[in-house]
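Note that the structure is a prediction, hence the values are computed from the model and not measured. In the text below, chain A, chain B and the rest are named by the order of the sequence lines, each starting its count at 1.
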Amino acid sequence: MSEKEYIYFPGCSLEASAIEYDMSVRKVLAALGVKLIEPDDWSCCGSTPAHSVDHVFAAAVAARNLAIVEKMGASTVITACPACLSAFKKAHLRMKKEEGFKKEVNAILDEPYNCGVTAKSVLQILVEDIGPKPVAEKVTLDFPDLKVAPYYGCIINRPPEIMEFDDPENPMAMDNLMTSVGVKVCDFAFKVECCGAAFGVAKRKMVNELSSKVLSMALDAGANCLVVTCQLCHQNLDLRQGQINNTMGSSFNIPVLFFTQVMGLTYGYSPQELGIDKHNIQAEGLLKTRRPVEERIKEEQEKAKAKKPKAKKAEEEES
Amino acid sequence: MSYLAGKELRIVGFLCNWCSYGGADTAGVGRFKQPTDLRIIRVPCSGRVNPLFVVKALLNGADGVLVSGCHPRDCHYSDGNFYARRRLEMLKRLLPFLGIDERRFHYTWVSASEGARWKNVVTDFTKAIHELGPFHQKEEKTECS
Amino acid sequence: MRVGVFICHCGNNIAGTVEVAKVAEAARMMPGVAFATTYMYTCSEPGQEEIKEAIKREKLDRVVVAACSPRMHEVTFRRTVEKTGLNRYFFEMANIREHCSWIGEDKELNTNKAIEAIKLAVEKAKQNKPLFPAKFKINKRVLVIGGGVAGMQAALDCADGGLDVVLVEKSPSVGGMMARLDKTFPTVDCSICILGPKMVDVSQHEKINLYAYSEIEEIKGYVGNYQIKIRKKATYVDWSKCTGCGACIEKCPSRNAFDYFNFGVAPARAINIPFPQAIPKKAKIDAQFCRQFIKGKCGVCAKFCPVGAINYEMKDEIVTEDVGAIIVASGYGLIDLDKLPEYGGGRYPDVISGIQYERILNASGPTSGHIERPSDHAEPKTIVFVSCAGSRDKSIGIPYCSNFCCMYIAKQAILTKDHIPDSRSYVFYMDIRSPGKGYDEFTRRAQEEYGVQYIRGRVSRIYPKGKKMIVKGADTLLGTQVEIEADLVVLATAVTATTDARTLAEKLHISYDPHGFYVESHPKLRPVETNTSGVFLAGACQGPKDIPASVGQGSAAAAKVLSIFSKDTLESDPQIARVNTNICVGCRKCIGTCPFGAIEEQQLRDGRIIANVIETVCAGCGICNSTCPCGAIQLQHFTDNQLLAEVNALCLT
């Protein structure tokens, strides 16, 4: 496989509260032969607080980073954080579309941004640039107990005209990725339901209610674990799970993993290497049973063999 | 009668009766406000527009010429607009050889129901002609390619 | 030459943004203009009288009216002018309303623009020559495209009026959408009981020639004389032998064919008759599902057919029919459920469309009228109806209202209560649109007598929870969110044009709007005519409409055809190409470009070959005119000289 290179923007939370997301992204992409280059002197992406006050300022904060990437001679920047992604895409698209807006933004910046950088999520490059086959080839371990509900959250693919990725109502990227690495995926109806997002401080009760619905739907779908792409979702679902249980009178105990952590597990990394031990709800129980992936493949082949004669018989009967 | 110098430029439009003239009517009925520079000549079909009409208009004093017909495959006369497309595209490439900036001539397709689209066509073309300025007051330099 | 100019105020429509007095003053100064005046409403009777009097008094020989679009009133004023003995082609119209007063905001610029529009018309009028129409015979047969209720009504009215009718239906049976309905609003009449007799009439009327399972291949000609090629699609069953006994269907081993008639509510056999009342009641094979065609071996139906009607070798057949007029009643389509992912459309079996529910309610439908939900065949107790599923939704490109969903939802809710008395129905709506006769009373009845819960608000999401479907939405009247645990969800999916509407329009040379619905000649005053003379519209192909409106339009279109056929000859439009035999060099370029084959070679007595225009075939596009290298062929009323006079009027100043 030819070596791939990407400019990688970690963003603030992946250096702190969601450092395990960063760890797992780096591990998984390294395993897939992808080299990550972190831009020098990157700064805040301009997410949440800035754009509710001043759009030009918010875009300038984002564009500062894009201009750095542009200067490095790259046309793509990847990030794992959906909020960074959204901030980059919004700033880029509006500056590209509106000449006046671009001028206003660039007037604030030392280095102007010339709209030459496309921002993509780690999920997007895994699906579009690398593809399911190389992703599957790296798998060494199988976790037969793991049944995941993929939870995409609100912004990784919405609004569709800005994010330009996957189906806005029924996204499948993570479902397919999980299937590629051999993890059982449950049909989950709340893939893009709201978790309460950044209201965790201001309206804690509302966030608890909304997140509790997501958790309970995951159980209904038959899952024992949630897989997420967003560290804010992770915070609401994992860190606040105890809080949810207190306010809602529930007794959830559902581990919430980043999709890259699940991939890393199947690639043979230890939970500690992937930072899974940093989570509030521990996933140990689900990860106890593990076996080489060859065993599963063999088992599947045998099952398929056992099924076939039956299907043939039924067809014969029909005619 | 001269056009109101300074305020307007001279733009001539050849519109096919069935689609574009109807589209301009629809725009009028919908009160879609447009610049006033355009004067409309009604022809049965864009295929009736002899490229020489366009040249004649430009050489005789027009600052811009617009031809609009039915959308391809939707021509009232089967394929009149296909003939128009061939001839007018050829004309567009020929104009620089006559010393005329080819941006002074534009052809497009607007159907009878597309009032809003007609408004945009007129607004954009008028704006483009105003950006080019009056044709006959300055020598135009066009590169022959 | 004495040109008279009449400038219309059109109330305030023109006079509001154009200084008409100034315009008249300027017109009087134009060379050739002998008289110019303004009038409040030129198209009114006194307005027209004024024109006639002025023609006589001022000895005018050319007339220009500056008013609305010629597409509106050119015919009116030509008639006025003709009444004074002037040739109608001495009349010209300047459009100072749609192209001027209504679109410009600056009065000075508008006034100037109006003056120039008149100048253009005056110069054109001065170049005009008298033209005289020829007469030609018409073929008094009519083609009706589409055998739904609108098309059948049109066909029956034409046939009763003594015309030969060719009725072409795409599907294997006439009846259209109405044949699929269980009941009709607001009377709750049985749909097939009122439609069935009409279908039988169509099949038995000696004046109607029905081509079922056929499509229009090609249309040539013009009003009075069309040549139509019809593709009779292969049914693989010889319909002259088939008795409709159904033995083949019973034995057919391919049981997973898509049931087009039932919108896929239940699977059909590969050989099938769409429904018991089908006309004609003949079987056909869906080759894409038939084992004989997929695997190359089966032959069960051929073995069991008592009359030996099965013919796997059958091919499509093209037949030709000559007619004089065409009525288009090609109907409508519905958006697919999977266009509505937020409702889980296409993903969850218990989220179905209104038309599918109609089939489930129908006694001759796949469930024999027993309401059961697709997933587990259980009887649903809580049913949620979602109106405007796709309609009035710009985000999927359907900004319009689908017209009849509010009404059929009320009907289906009422029928549900009749079928399952202990059921509860909920309707999510944006607005209740019930403007027809007896319609509002009907929706009130659904709420008041049948206890249907109407919730004003949109549904945001539908998802499964156990065996239930959770419908989550807003109640905007109470200002709260609601969640309903439903057993079955019915979406009133948006009405669209049929998938092949655009292709058919292109064959007919009629226009369609951005959504694929056909454009009528005038939205208020010519609702069944198109801009192509001889082609008329009926039913939902022109826009979503309910049964009475479709039937009304069917009859109206028939009346239009009967009225043009009440004469034996039609006047041809003299605005056609004419060849100047002295100039024509016989290069034959025009022959190659004419889209209608209206130009032929002619040998003069001196042996010269020149072009000759066949008057009745020429449609007047003028393509030949701009092709001719020596200007020998000229489109009358739009000659090179006339158009250049207009160009010069604008530019040489």
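Side chains of B/Thr36 and C/Asp106 form no contact here, defined as non-hydrogen atoms less than 4.5 Å apart. In this structure, C/Leu643 and B/Asn50 have side chains that are not in contact, with every pair of non-hydrogen atoms separated by 4.5 Å or more. For the pair B/Tyr77 and C/Phe596, the minimum side-chain heavy-atom distance is below 4.5 Å. Under the 4.5 Å side-chain criterion, counting only non-hydrogen atoms from C-beta, C/His99 is in contact with B/Tyr21. Put simply, the side chain of C/Pro514 reaches to within 4.5 Å of the side chain of B/Ser113, judged on heavy atoms. For the pair C/Met93 and B/Arg42, the minimum side-chain heavy-atom distance is 4.5 Å or more. Contact annotation: the side chain of B/Pro44 never approaches that of C/Gln575 to less than 4.5 Å [non-hydrogen atoms, C-beta and beyond].
Considering CD1 of C/Ile623 and CG of B/Asn81, their distance stands at 8.5 Å, rounded to 0.5 Å. Between the CD1 atom in B/Ile11 and the CG atom in C/Leu650 there is a gap of 11.5 Å [rounded to 0.5 Å]. Remark: B/Asn17 CG to C/Cys621 SG distance equals 12.5 Å, nearest 0.5 Å. Atoms CD and CD1, on C/Gln642 and B/Ile41 in that order, are 12.0 Å from each other to the nearest 0.5 Å. In this structure, C/Leu120 CG and B/Arg39 CZ are separated by 9.5 Å, a value rounded to the nearest 0.5 Å. Here OG1 of B/Thr26 is found 11.0 Å from CG of C/Asp513. Values are rounded to the nearest 0.5 Å.
Of all the heavy atoms in C/Val647 and B/Phe14, the pair that sits closest is CG2-CZ, 3.7 Å. Scanning all heavy atoms of the two residues, the minimum distance from B/Phe53 to C/Leu644 falls at CD2-CD2, 3.8 Å.
The main-chain N or O of B/Cys75 is found under 3.5 Å from a side-chain atom of C/His509 such that the two form a donor-acceptor pair.
Of the two parts of C/Ala619, the backbone and the side chain both hold a non-hydrogen atom closer than 4.5 Å to a non-hydrogen atom of chain B. The part of B/Tyr83 that comes within reach of chain C is its side chain, from C-beta onward, which places non-hydrogen atoms under 4.5 angstrom from that chain. For a residue to count as touching a neighbouring chain, one of its non-hydrogen atoms must lie under 4.5 Å from one of that chain's; by this rule C/Ser101 does not touch chain B. Contact annotation for C/Leu508: neither backbone nor side-chain heavy atoms come within less than 4.5 Å of a heavy atom of chain B. Neither the backbone nor the side chain of B/Val65 comes within less than 4.5 Å of any heavy atom in chain C.
The most heavy-atom pairs under 4.5 Å with chain C, out of B/Ile40, B/Leu38, B/Val122, come from B/Ile40. Ranked by non-hydrogen atom pairs under 4.5 Å with chain C, the options B/Ala84, B/Ser78, B/Cys45 are led by B/Ser78. The most heavy-atom pairs under 4.5 Å with chain C, out of B/Ala24, B/Pro35, B/Gly80, come from B/Ala24. Chain C forms more heavy-atom pairs under 4.5 Å with one residue of B/Cys16, B/Ala27, B/Gly22 than with any other, namely B/Gly22.
Ion pair B/Lys7/C/Glu108 flagged as a salt bridge, since at least one NZ, NE, NH1 or NH2 atom sits closer than 4.0 Å to an Asp/Glu carboxylate oxygen.
Contacts of B/Cys70 classified as disulfide bond (SG atoms under 2.5 Å apart), with partners at least two apart in sequence or in another chain: B/Cys19.
Atom CZ of C/Arg28 is surrounded by more than 12 heavy atoms from other residues, nucleotides or ligands within 6.0 Å. Within 6.0 Å of NZ on C/Lys107 lie more than 12 heavy atoms contributed by other residues, nucleotides or ligands. A 6.0 Å sphere centred on NZ of C/Lys126 holds more than 12 heavy atoms belonging to other residues, nucleotides or ligands. A 6.0 Å sphere centred on NZ of C/Lys229 holds no more than 12 heavy atoms belonging to other residues, nucleotides or ligands. The number of heavy-atom neighbours closer than 6.0 Å to NZ of C/Lys220, taken from other residues, nucleotides and ligands shown, is 12 or below. Other residues, nucleotides and ligands contribute over 12 non-hydrogen atoms within 6.0 Å of the CZ atom of C/Arg502.
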* Take B/Trp18 and C/Thr532 through the side-chain contact (heavy atoms from CB on, under 4.5 Å) test and state the conclusion after the steps. => CA-CA 9 Å; B/Trp18 303 100; C/Thr532 303; over 6 Å; no

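Listed in order of number, the residues of residues 624-633 of chain C that approach chain B to under 4.5 Å between heavy atoms are C/Asn625, C/Ser626, C/Thr627.
Residue pairs meeting the salt bridge (Lys or Arg N to Asp or Glu O under 4.0 Å) criterion with at least one member in residues 633-647 of chain C, sequence neighbours excluded: B/Arg48-C/Asp640. Every pair passing salt bridge (Lys or Arg N to Asp or Glu O under 4.0 Å) that includes a residue from residues 17-38 of chain B is listed here, sequence neighbours excluded: B/Asp25-C/Arg71.
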